[in-house]
Every structure is written in C-alpha cells, then in structure tokens.
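Below, chains carry the letters A, B, ... as their sequence lines are ordered, and counting in each starts from 1. Since the structure is predicted, the reported quantities are computational estimates derived from the model, not experimental observations. Only this structure's heavy atoms are used, side chains among them; waters, hydrogens and symmetry mates stay out.
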Protein chains: 2
Amino acid sequence: MAGNVKLSVAGPGGAAVADKRIACQDCTLFQLCLPLGIGEDELALLDEVITARRSLKRGEMLFRGGAPFHAIYAVRSGSLKTYTIMQDGREQVTGFYLPGELVALDAISLGRHPSSAKALESSSICEFSFQDFERMGARVPGLQRQMLRVMSRELLNDELLLLLLGKKSAEERLAAFLLSLAIRFRQRGFSATDYNLSMSRSDIGNYLGLAVETVSRLFTRFQQDGLLRVERRRIRIHDIDRLSLLAGDTALSGSQRIDSAEVPQSER
Amino acid sequence: MAGNVKLSVAGPGGAAVADKRIACQDCTLFQLCLPLGIGEDELALLDEVITARRSLKRGEMLFRGGAPFHAIYAVRSGSLKTYTIMQDGREQVTGFYLPGELVALDAISLGRHPSSAKALESSSICEFSFQDFERMGARVPGLQRQMLRVMSRELLNDELLLLLLGKKSAEERLAAFLLSLAIRFRQRGFSATDYNLSMSRSDIGNYLGLAVETVSRLFTRFQQDGLLRVERRRIRIHDIDRLSLLAGDTALSGSQRIDSAEVPQSER
DNA sequence: CGATCGTTTGATAGCGCTCAACCGTCGTGG
DNA sequence: CCACGACGGTTGAGCGCTATCAAACGATCG
C-alpha cells in the first residue's frame, strides 16, 4: 500500500496516541476488514467513517455489555475477546478477534452491545461510526454489499462453531481451535505453525466449553503425541495435517474458514 | 390478523401453484421477515424481488449444500430445518425455521449454500433474488439497513446457542429449546404454551448436541415434574416460568430473543 | 521474598452416550 | 380388514469422557 502514514489531526482530548487518525488506504489490514469490491474513490470515502483510533492495554475494555451501540470496531493490532456475563455470574467467552476482524456486529439489531469486549494484549482499534457508515452505505453500494458478506461469513463461522460444540469431543475442539488460529494467522501473513496465544487456558476452555484442566491435559497430550510443542503460550505446530485430521475437518471460528484456495465472493 | 386473505390462486395441490406470485403487502408475515423502517412505496418495490413462491411437501429439499447461491428464502408457512453433512457422513442440524424467518443468510459470503434445507412439513416459501435485492438495496437504503439488522439478530442468536451448547446441561438445553419455540410461536400469534413440534426427537437431539435417548428421557422427566405434557409431538407447557428457570435464562435460538417488551431497533 | 494468578497433574465421580430391546403408529399391500 | 414392516419413540443397563475437587508448581509482580 502507500508508503507513508498520513496522520490527519487530533480529535477530542485523550491520551496522546489514541485520537490520531490514519488514512484507510494505509491500513495494511484494510483488505481484511472489508475486502474487495470497493473502488479507490469509495475507499477514500470510507475514511470519513473512521471516528477514532483507540489504543487498549491488556485487560482494558473496548465496550461493556449493555452499553448503547454506536460504532463497529476493527482490530488493527493485538487481540480481543468478547464475552457475556450469565445471570449466575459466570463469564462466557463468545469470541476472539485478531487483526483485521470486525467486532460488535452482533450489536446492530438490538442497538446495544450484547457482550463486552476486552483487550487480551496491547491492541490498537479502529472505530467506525455505524450511523455514518449506514449513511454512506446509501451512496456507496459496494460498502453495504461487503458488509453483508462479512456478516454472512460471521454467521457461517458461528455455524461451524455450533457444530463443534454440539458434536465434537474435547480433543477435536482444541485441535479445531488451534487450527483456526493457524489459518487466521497465515491469512495475516504470520506463521501458521508458530504463534503465541494471547488468551489464557481458562479463556480457551471457556470458549470451547471445556474445563481448564481438560485444556491443559490436552495440550500435554498433543505434545506427547508429537503434534506440537507448547511452552507457556507459545505454540509450535509440528504436524498440521494430523492436527487437521484430529479436528475432524472443521476449520472453525473466528472470522474465516477459507484457505488460500479461492477467494469467496458471490456471483458478481 | 387481517380479515381476508386475498388468495391469488389455488391452494396446495400440485405443482401448479409453485410459480404464482402474491403481493408482499398481503403477506401477513412480511413484518417479521424484514420488519420496520420500510415505507409504503418501498414495500411495493420489494415485491419485485420476490422471484417465486414455492410449495414444499414434508421431506422435500429447498436447496442442497454446495449449490450455488442465488436467492434468500422466507418461510411463509410450515417449517424447515437446515443441516450440513459432515465428512464422516453424519448429519448436523444447524437450525429450524418458522414462518417469517429468513433462510440462507449464511450463503451470501461464499456464494454457495453451506448447508441444505429440507421441509419438516408442508411449507410455503418466498424466494428473493439476492442479486435483485442488492441492486434494489442501492436505491432503497432502508432495505439494506434492515437486512443488516436481521443478520445481526441472527448473529446474536447463534451466540446464545453457542453459550447453550458450551455451558449448559442437557436439561437446560431442552428447556431453552422449548422456550425458544414458545416465544417464536407467540410472536407469530400462535399459542406459546400449546404447540406441535414439526421436527423429530432425533432432529432435536442432533441440533442440541444430545442423543435421541437423552431427549426422550428429558421429555418424560419434564412431564413427571409437571412442567409440561407431551404426547407424541404435541407440547403443552404447564409451567412456563419454571421452564424459563430451568433454561437458565437463555431464550436461545431460531430467530428472535426479544419478547413482547420492546422492539429492537438501533438508535435512529 | 511472599502473594497471587495461571498452569499442570492426580484422583474421583457423574452426566450423558452407547448398545440393546421393546413398543406404538403409520403406511403398504395382500 | 388385517398382517406386516419400517420408523420413530421410549426405557433400561453399563461405561467412558470430561467436570470437579484437590494440591503443587511456576511465573510475575509488588
């Protein structure tokens, strides 16, 4: 993409970095946020919708469940988890978000956030005003089109996850989870076989519907079987094929399921 | 509902009916398909997108997994199930669809249907050309807006279902499922406490991640506990409050979670 | 250096699956 | 009209997977 980052101005007061804006074209992750089907000029327009850029430190909240919904967020760097608090007080992790993925899509219909979002590590986030976004959608057909696609993709992922939780064993779940991360990392240009988990065992277990102890045991078992090497939160996958096999076939979760093969994109 | 249903055509019966079109305004369920925010004139426009009306008999397919995606479907009467075939041959039920609910939203991103859809009983279906729909979306902002909301809602439901499958016991799952049906039926003007299941025990178990036997046992237990009466596929709920309690709190699934209380709808 | 949190490992028990048999209902054909 | 078979549903017995309880360990941080 373009060479230099064109910073345009400061917004409302806040921490120094937080309110800097950068042009969308310069966002290397942009193609992942709302890929394809948007022309040069439309891209420039999209810039207008970016309300703010926020920096979060590990453990900081992006938004809280129940809060009114105004914006959609795109992860630029770092990672988030979303979760809800059940009425019995327990926490239920509903998703993990990597760079290039959109957060808060599930808040549109109710007009408030059904879940909370918290940074798993230092992260940088783009904030889109949804109102502006919709207004612009009227002028730029490609934008809303793309949005529908992104949401549909999300739906698809949820379905896969549903299948995972409904039908798969603990082993299959964890394998599918690790595989999902691998695929998502690869799509972002990172290594698919060597990455760091930004979430705790507890988060993983919670997300996959497993006890922490089970997750831990599975990690050691996978390691004993020579599938991978795990050291603290560092994952080194040795035999990704066997891992895929273990996962059943479901790539699962997050935000994409498609590998290199072909770019989705309906008929056009 | 409205006084007379202006039948533009013959009843069930044969193939004859399949390609007849009726005006959208006459669809009592229309408000449920794409509720709110659409004016009179826009409504008329929407009529154009309705490609066809199809009648399915029990067991007939609406579309098959893998087939290219061209249309979105709205259930007018009857009910459907969607499911995928896992590579080991087993079937995984991914959803049940009642009148007023939209099917195939998950196909948009890939351009082909990730799952198959089959009629659980005699059903009548509206078919929207997605291509036309998108074209029209450019002219009618409210349309795409509404579509985003519907999809967001769907996302929300999937999240609830995830929570269900990840964290809830068999008992809670079935309770939540029955409750979900109750709520959805009520929204459609049917009785919430007295309805027929159009799906088999096997479908229910498959959907909820439970063995058929477990579902069966739970039904009899619920009945012994005075929660409800079940006779074949007829469900009579006696103590819906206790059922809610059992369900944990999750209304779950299908297509709506909101009860009478208030109509969702973002800020506006 | 002690406290706390995240992780691992072990022992035990229970929920829900599996296997198996039986029953009721329905559709079909003699 | 009844026999039959098929299918869906119910019920029972046993076991395996995974949660739970318990404890110790390692890392991080004040």
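Residues from residues 209-216 of chain A placing a heavy atom under 4.0 Å of any atom in DNA chain D, listed by number, are G209(A), L210(A), A211(A), E213(A), T214(A).
Judged as a salt bridge (Lys or Arg N to Asp or Glu O under 4.0 Å), the pairs with a partner in residues 202-227 of chain A (not counting sequence neighbours) are, in order, K81(A)-D203(A), E171(A)-R221(A). Here side chain to side chain donor-acceptor pair (under 3.5 Å) pairs that include residues 113-123 of chain A, with residues two or more places apart or in two chains, are S79(A)-E121(A).
A nucleotide of DNA chain D counts as in contact with chain B when one of its atoms lies under 4.0 Å from a heavy atom; the first and last such, 5' to 3', are dG8(D) to dA13(D).
Counting heavy atoms from C-beta on, the side chains of K167(B) and N206(A) come closer than 4.5 Å. Counting heavy atoms from C-beta on, the side chains of L165(B) and L161(A) never come closer than 4.5 Å.
Taking atom CD of Q223(A) as the reference point, atom C1' of dT7(C) lies 13 Å away to the nearest angstrom. Between the P atom of dT7(C) and the CG atom of L218(A) lies a distance of 15 Å, rounded to the nearest Å. Remark: P of dG6(C) and CG of L197(A) are 15 Å apart, rounded to the nearest angstrom. In this structure, the CG atom of N206(B) is 16 Å from the C1' atom of dG16(C), given to the nearest Å. We find that CZ of R233(A) is positioned 10 Å from C1' of dT7(C), with the value rounded to whole Å. R217(B) has its CZ atom 12 Å from the P atom of dT18(C), to the nearest Å. Between L165(B) atom CG and dG16(C) atom C1' there is a gap of 14 Å when expressed in whole angstrom units.
Between Y73(A) and Y97(A), a ring centre-to-centre spacing not shorter than 6.0 Å is recorded. Aromatic ring centroids of F190(B) and Y195(B) lie 6.0 Å or more apart.
With R229(B) contributing its side chain and H238(B) its backbone, the two residues share no donor-acceptor pair below 3.5 Å. Checked by atom type and distance alone, the side chain of S202(B) never pairs as donor or acceptor with a backbone atom of V212(B) at under 3.5 Å. In this structure a side-chain-to-backbone donor-acceptor pair under 3.5 Å is missing from S180(A) to A176(A). Here the side chain of R188(B) pairs no donor or acceptor atom with the backbone of G100(B) at under 3.5 angstrom.
Fit an axis to the five pairs at each end of the helix from dC1(C)-dG30(D) to dG30(C)-dC1(D) and the two axes sit 30° apart, to the nearest 10 degrees.
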Which pairs, protein N/O on one side and nucleotides 24-28 of chain C N/O on the other, fall under 3.5 Å?
none

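Atom CZ of R234(A) sits in a crowded spot, with more than 12 heavy atoms from other residues, nucleotides or ligands closer than 6.0 Å. In R64(B), the CZ atom is not crowded: 12 or fewer heavy atoms of neighbouring residues, nucleotides or ligands sit closer than 6.0 Å. Dense packing is recorded around CZ of R236(A), with more than 12 heavy atoms of other residues, nucleotides or ligands lying under 6.0 Å away.
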